[in-house]
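This report concerns only the one structure given below.
Every value quoted in this text rests on a predicted model; they were computed, and no experiment measured them.
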Amino acid sequence: QVQLVESGGGLVQAGGSLRLSCAASGSSFSRYAMGWYRQAPGKQREMVAFITSGGNTNYADSMKGRFTISRDNAKSTVYLQMSSLKVEDTAGYYCHIVGTGYWGKGTLVTVSS
């Protein structure tokens with residue numbers, strides 16, 4: 001059983017930055033591809049970014065150039081650095097082990113105008 005715990009969400013003004021963290025339990029973190037997803041009120045969950053076990057990254061088009069995903073295998077943690085935040089980035093952000101049913105409970109990001 002793997003647990004994922006997100007942190008780092010909060011209220012930020014448009015144009016600001018936040019860094020989200022997702023800490024994973026267990027000893028196999030380095031083998032996982034990890035993803036960040038988000039879900040805004042009334043909308044479907046969407047992929048934000050993912051990072052493979054080898055460190056290759058992929059981003060949704062609307063996040064390219066503004067968000068950066070990274071990982072620290074020694075800390076079993078994946079990060080999402082978000083900059084130039086927009087009001088439309090307001091959502092719950094969730095950590096996920098790609099290809100599995102493991103999800104975190106999410107952290108809320110609210111961007112004010």
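- Closest of all the heavy-atom pairs between T77 and S21 is CG2-CB, 4.2 Å.
- Between Y59 and V48, every side-chain heavy-atom pair lies at or beyond the 4.5 Å cut-off.
- Note that CG of L80 and OG1 of T68 are 8.0 Å apart. Values are rounded to the nearest 0.5 Å.
- In this structure, OH on Y102 lies 7.0 Å from OH on Y32, to the nearest 0.5 angstrom.
- In this structure, Q3 places its CD atom where only 12 or fewer heavy-atom neighbours from other residues, nucleotides or ligands lie under 6.0 Å away.
- I97 contributes atom CD1, which lies 8.0 Å from atom SG of C22 (distance to the nearest 0.5 angstrom).
- Listed for the T100 side chain is no donor-acceptor partner under 3.5 Å among the backbone atoms of V98.
- Taken to the nearest 0.5 Å, the CZ atom of R45 stands 9.5 Å off from the OH atom of Y37.
- In this structure, the salt bridge (charged side-chain N to carboxylate O under 4.0 Å, His left out) partners of K64, at least two apart in sequence or on a different chain, are D61.
- Side-chain atoms of S17 and Q81, non-hydrogen and from C-beta on, do get closer than 4.5 Å to each other.
- At least one side-chain heavy atom of V109 sits under 4.5 Å from a side-chain heavy atom of L20.
- Under a hydrophobic-cluster definition in which Ile, Leu, Val, Met, Phe, Trp and Tyr are linked whenever side-chain heavy atoms come within less than 4.5 Å, directly or via other members, I51 and M63 are assigned to the same cluster.
- In this structure a side-chain-to-backbone donor-acceptor pair under 3.5 Å is present from T90 to V111.
- Between the CD1 atom of I69 and the CZ atom of F50 there is a distance of 9.0 Å, given to the nearest 0.5 Å.
- In Q13, the CD atom is not crowded: 12 or fewer heavy atoms of neighbouring residues, nucleotides or ligands sit closer than 6.0 Å.
- When atom types are taken as modelled, the side chain of T107 and the backbone of S7 share no donor-acceptor pair closer than 3.5 angstrom.
- Two residues are said to be in side-chain contact when any heavy atoms from C-beta on lie closer than 4.5 Å; V87 and S112 fail this criterion.
- Distance alone, capped at 3.5 Å, is enough to place a donor-acceptor pair between the T52 side chain and the G55 backbone.
- Within the model, atoms SG of C95 and CE of M34 stand 3.5 Å from one another, a figure rounded to the nearest 0.5 Å.
- Applying the side chain to side chain donor-acceptor pair (under 3.5 Å) test to Y93 and every residue at least two apart in sequence or in another chain returns R38.
- Of the possible polar contacts, one joining the E6 side chain to the K105 backbone as a donor-acceptor pair under 3.5 Å is found.
- R66 pairs by the salt bridge (charged side-chain N to carboxylate O under 4.0 Å, His left out) definition with D89, not counting sequence neighbours.
- Looking at V78 and F29, their side chains come closer than 4.5 Å, going by heavy atoms from C-beta outward.
- Smallest separation of non-hydrogen atoms from S53 and S30: CB-O, 3.2 Å.
- Cluster membership check: W36 shares its hydrophobic cluster with F67, using side-chain heavy-atom separations under 4.5 Å among Ile, Leu, Val, Met, Phe, Trp and Tyr.
- Between H96 and W103, the ring planes lie parallel to each other; the angle is under 30°, not in the 30° to 60° tilted range.
- Looking only at side-chain heavy atoms (C-beta outward), V12 and T110 stay at 4.5 Å or farther from each other.
- Taking the ring centre of Y79 as origin, the terminal cationic atom of R71 falls outside the region bounded by 6.0 Å and 45° from the ring axis.
- Taken together through direct or relayed side-chain contacts under 4.5 Å among Ile, Leu, Val, Met, Phe, Trp and Tyr, M47 and L85 form parts of separate hydrophobic clusters.
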